[in-house]
Protein chains: 2
Amino acid sequence: MVRGKTVIEKIENTTSRQVTFSKRKGGLFKKARELGVLCDAQVGVLLFSNTGRLYDYSNSNTGYTTLYRSICLSIYLS
Amino acid sequence: MVRGKTVIEKIENTTSRQVTFSKRKGGLFKKARELGVLCDAQVGVLLFSNTGRLYDYSNSNTGYTTLYRSICLSIYLS
DNA sequence: CGCTCTATTTATAAGAG
DNA sequence: TCTCTTATAAATAGAGC
């Protein structure tokens, strides 16, 4: 298992790519959640797989769109 | 180092919290980049620290806003 | 698909400079 | 605050069901 150093390049095998996507999506969302809790930060993650599916995570109370809007406002005001 | 299992709760010490934020932000962006390459996916991450600073990552050629818009369109069309 | 298992790689907390 | 180190915790690739 984990036979060698992982090379970061596109996984050509479709099944492997989808499995890896699913696993790493879970890992990324978990990391995002942890960062939000540990550091009291607002976090949003968007994923758009090459099969055309959307996945997102946000720890904002009011959801991703509100988080995005608040950030745009903050940029606008800065 | 890493003296025990990390408990996921707000780090009360300000200095520690900022150091952890910086470290984990780097880790999260790295994971996001890897997922994008390995799985040929579009990825966006937004972070809003409790000091009011915005950080973001996107592997979209045309930037985060375009990625966000394309996703909204995909939701609208679905 | 969506789980579990586990050897191994990877991330990282704390310390040092 | 940045970089490096290093022990340890955490993620995960590949396999099996």
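- Side-chain heavy-atom separations under 4.5 angstrom define the hydrophobic clusters, and the remaining members of the one that includes Ile11(A) are Ile8(A), Val37(B), Leu38(B).
- Note: NZ (Lys30(A)) to P (dT12(C)) measures 12 Å, nearest angstrom.
- For Ser49(B), the side chain to side chain donor-acceptor pair (under 3.5 Å) criterion is met by Thr51(B), not counting sequence neighbours.
- The phosphate of dT12(D) (OP1 or OP2) has a side-chain N or O of Lys31(B) nearer than 4.0 angstrom.
- The salt bridge (charged side-chain N to carboxylate O under 4.0 Å, His left out) analysis of residues 10-20 of chain A, with sequence neighbours excluded, yields the pairs Lys10(A)-Asp40(B).
- A rotation axis mapping the C1' atoms of four pairs onto the next four is fitted at both ends of the helix from dG2(C)-dC17(D) to dG17(C)-dC2(D) over five pairs, and the angle between these axes is 40° to 10 degrees.
- Of all heavy-atom pairs spanning Phe21(B) and Ala41(A), the tightest one is CE1-CB, 3.7 Å.
- Atom CD of Glu34(B) is separated from atom P of dA13(D) by 9 Å (rounded to the nearest Å).
- Applying the salt bridge (charged side-chain N to carboxylate O under 4.0 Å, His left out) criterion to Lys30(B), with sequence neighbours excluded, gives no partner residue.
- Residues from residues 10-26 of chain A that place a heavy atom under 4.0 Å from any atom of DNA chain D, listed by number: Thr20(A), Lys23(A), Arg24(A).
- Rounded to whole Å, atom C1' of dA11(C) lies 13 Å from atom CG of Leu38(A).
- Nucleotide dA10(D) holds its C1' atom 16 Å from the CG atom of Leu35(A), rounded to whole Å.
- Under the side chain to side chain donor-acceptor pair (under 3.5 Å) criterion, Ser22(A) pairs with no residue at all, not counting sequence neighbours.
- Applying the side chain to side chain donor-acceptor pair (under 3.5 Å) test to Arg24(B) and every residue at least two apart in sequence or in another chain returns Glu34(A).
- Remark: Lys23(A) engages Val19(A) in a side-chain contact (heavy atoms from CB on, under 4.5 Å) (not counting sequence neighbours).
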